[in-house]
There are 2 protein chains.
Amino acid sequence: MATIYDVAKAASVSPKTVSRVLNGDAPVGKETRKAVETAMAELGYVPSNAARMMRSNRSGLIGLVTGALSHKLEPMEPTGLPDLYIVQGIQKVMADSGKTLIIADTGGTSAKVPQLVRTFLQHRVEALIYVADYHQQVTLDTGAGNCPVVLVNCFDADGTPAILPDDECCQFELVTDLIRSGHERIAYLTLDPAMVATELRSRGYRAALEAADIPYDGALEIMARKNVEEDDGGLLQRALDSVLALDGPPTVICCGNDEMALRLYGLIRSRGLRIPEDVSVAGFDNYRAIAETLYPPLTTVELPYLAMGQRAAEIALGMIKGEDEQLAGPEMVPGPVHWRSSVTALNSVTKLRSNTGSTFS
Amino acid sequence: MATIYDVAKAASVSPKTVSRVLNGDAPVGKETRKAVETAMAELGYVPSNAARMMRSNRSGLIGLVTGALSHKLEPMEPTGLPDLYIVQGIQKVMADSGKTLIIADTGGTSAKVPQLVRTFLQHRVEALIYVADYHQQVTLDTGAGNCPVVLVNCFDADGTPAILPDDECCQFELVTDLIRSGHERIAYLTLDPAMVATELRSRGYRAALEAADIPYDGALEIMARKNVEEDDGGLLQRALDSVLALDGPPTVICCGNDEMALRLYGLIRSRGLRIPEDVSVAGFDNYRAIAETLYPPLTTVELPYLAMGQRAAEIALGMIKGEDEQLAGPEMVPGPVHWRSSVTALNSVTKLRSNTGSTFS
DNA sequence: AACTGCTATGACACCGATGTCATGACTTCG
DNA sequence: CGAAGTCATGACATCGGTGTCATAGCAGTT
């Protein structure tokens, strides 16, 4: 690989002059510049980041630790593929800032994290971003020293900057939209309560009811999914039977995620009911392969993973620049409701329903 | 950040001795070693890869160019998320070899590739891997010079080493398994013929029929999906009607992918038919969120994305080591059939069907 | 005793960039 | 015309490690 000295020799100038052409930080004669550029092209010269970094101490690298690449091997997927969208958001912002992402995967074992962080520090990353595969609390033993750290889709007890999906707000918006469409008996089949998101969404569900002066009916909110092998879908089936048997059966059923909704479609139809004429269904995650492919297409909420990734990247960049806007705790990012035909309007003023609070479609 | 000199001073030894402790490439006295290790721990010393690289010329970095992170923003997803599994496979092998992955995303614009490659070369990556989001031909203007390049899920005209899914073999295995189960009238609803995979799979389908002495009936093989906005699913509906109206209707319907199968479930049931009692269904991709969630679970083929990634990484590592086992063209990797209850056996000798050719379950 | 061989360590140059400072040519101004 | 300022360029040190070679101490050999 050609070095700056080779180029200098070929162009009959000093290495420093080549450096000046490269960085444009000092005036260079027209002739000289042309000679240098020719030499560079002929030799296929590409400057070495390593050498450059030794003086400047700026690696241009951002370290990203995630389980995104491995967690899909696990049998249980609590949600869709949030982390990938997050990584995507981060990548986009970083690329626009001229930073290069270096990625390491935990392989599902958080014990590997310190090792991975060490590797990153060896490469002198300018910031570290940790992306979790679902909304959870973590205890990160980074040993990252003074390297900026941002958590995404997770938070810790030490007030490390964190970007989180606003599960509560999302569920609130969805249920509020349902209420605007005339629904009042709204069932909610929840995910495993062990998940942080479950509790948050439940709050959003209740808050929306309360805001509309609809009394909360505990019989309508049922846990219908457990993250254990024994849950073969039986929970969902029983939950459905339970709410349908109520005196005032629900006109719409909210699901903890889109996969649950997909199963529910089958269960509802096998009971001879139509969607949405007899009962409406709403999901969560906007898992498009499901939500858009189902018939009728599924009304669901999109967690703002892409936006979260972007925001996390912005925060990280800010911390690199030393801006003191360091948020000392979690920042919640809301996401939009995707209204599709799996939910029918019970009143005629459908148009009242608008995309409140959504920042993107 | 502490340097090797700081450590040397703290331990009252020469920098070179610290280096020896780090790399274990020469004997170091017990006492001395302990002193150095203590100093390193106290100072939180992490060696700089940049400095190390300047002498050794080994960056420990592997460059990965992909559209994996952005293509899911596109409205049309021809297949599942193959590239992610590929990246996962690569990551795993590279991590095991102590290499760090640096990732850049094309953002869907292949025009960005030269720029990305340049960045990688600046970081002196030891190899470049390009991952496409679906099986296709590419023309890569890398300008990578003498840096090893491996293509995954795509190939070019120059004989660059490439790892490809064996679409033909996969479809062959699936159809052969169907035939073993007693099916003879096997419909095949294909994807857009513009895709490389479509033609290959079609060949596999016909080869399986031929191997079993079942005459090929063109009326059973219908294009049912086009990658254009106008295709709202109408093609699939008409294709289904068409095969069901035949004199000898199919006993099993193969789909170009799992999403198509998901839609087909709905269409078949809306015609009052049961799956698999009245007609069996098979998919393609083993898109688990769909295949395992549907009721009944979907028989489908898994393209060996993970294995492809691993293989690509191995090839790349081999090229780095300078091994001459360089394959000069594409290498095809087969994948396993996942047999689930969406296909019924028409004969009683179900047990004949075994996981032929599958290397993993 | 002189020599060989091994262990443990340090001095020093070097990798490929860039920051600092110096220098020579030329312009501009009082 | 001489002083001051600008432009274009180069010499040299430096960043943080590692390769090479030298050296000193201490067996073991003959």
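Letters go in sequence order (proteins before strands), and every chain restarts at 1. Because the structure is predicted, anything quoted here is derived from the model rather than measured.
In this structure, the CZ atom of B/R20 is 11 Å from the P atom of D/dT18, given to the nearest Å. For B/L22 and D/dG17, the CG to P distance is 8 Å, given to the nearest whole Å. The distance from atom NE2 of A/H123 to atom P of D/dG17 is 14 Å, rounded to the nearest whole Å. Between the CD atom of B/Q122 and the C1' atom of C/dA17 there is a distance of 12 Å, rounded to whole Å. For the pair B/M40 CE and D/dG16 C1', the interatomic distance rounds to 15 Å; values are reported in whole Å. Look at CD1 on B/I4: it is 11 Å from P on D/dG19, rounded to the nearest Å. Atom P of nucleotide C/dC15 and atom CE of A/M1 are separated by 17 Å, given to the nearest angstrom. One interatomic measurement links the two molecules: CG of A/N57 to C1' of C/dG19, which rounds to 13 Å at whole-angstrom precision.
Among the nucleotides C/dT9, C/dT18, D/dG16, the one closest to any side-chain atom of B/M54 is D/dG16. Considering only the side chain of B/S48, D/dG16 comes nearest among D/dG16, C/dA11, C/dT9.
At a cut-off of 3.5 angstrom, counting only N and O atoms as typed in the model, there is no donor on one side facing an acceptor on the other between the side-chain of B/K16 and the base of D/dG17. On a pure distance criterion of 3.5 Å, no polar donor-acceptor pair joins the side chain of A/R55 and the base of D/dG16.
Contact check, B/Y5 against D/dT14: no side-chain N or O comes under 4.0 Å of OP1 or OP2. Remark: B/R52 is in phosphate contact with D/dT18, judged by side-chain N or O atoms under 4.0 Å from OP1 or OP2. Using a 4.0 Å cut-off, some side-chain N or O of B/T17 falls inside it from OP1 or OP2 of C/dG10. Of the side-chain N and O atoms in A/N23, one or more sit less than 4.0 angstrom from OP1 or OP2 of C/dT18. Under 4.0 angstrom from either OP1 or OP2 of C/dT18 there lies at least one side-chain N or O belonging to A/S19. The shortest distance between the side-chain N/O atoms of A/S56 and the OP1/OP2 oxygens of C/dA17 is not below 4.0 Å. Side-chain N/O atoms of B/S14 include none lying less than 4.0 angstrom from OP1 or OP2 on C/dT9.
Of the two residues contacting DNA chain C, namely A/A2 and B/A26, the nearest-nucleotide position lying further toward the 5' end is that of B/A26. Mapped onto DNA chain C by nearest heavy atom, B/K30 and B/R124 fall at different nucleotides, with B/K30 at the one closer to the 5' end.
Note on B/R311 versus B/E314: salt bridge recorded, some NZ/NE/NH1/NH2 to OD/OE distance being below 4.0 Å.
A/V131 is not listed as a side-chain neighbour of A/V65, based on a closest heavy-atom distance of 4.5 Å or more. At a threshold of 4.5 Å between non-hydrogen side-chain atoms, the residues B/L151 and B/L164 do not count as touching. Side-chain contact between B/F155 and B/H135: present, with at least one pair of heavy atoms (C-beta onward) separated by less than 4.5 Å. Residues B/P47 and B/M40 fail the side-chain proximity criterion, which asks for heavy atoms closer than 4.5 Å.
When every heavy atom of A/G63 is checked against every heavy atom of A/V125, the shortest pair comes out as N-CG1, 3.6 Å.
Across all strands, A/D25 comes closer than 4.0 Å only to sugar-phosphate atoms, never to a base (heavy-atom distances). Using a 4.0 Å heavy-atom distance criterion, A/V13 is classed as a sugar-phosphate-only contact.
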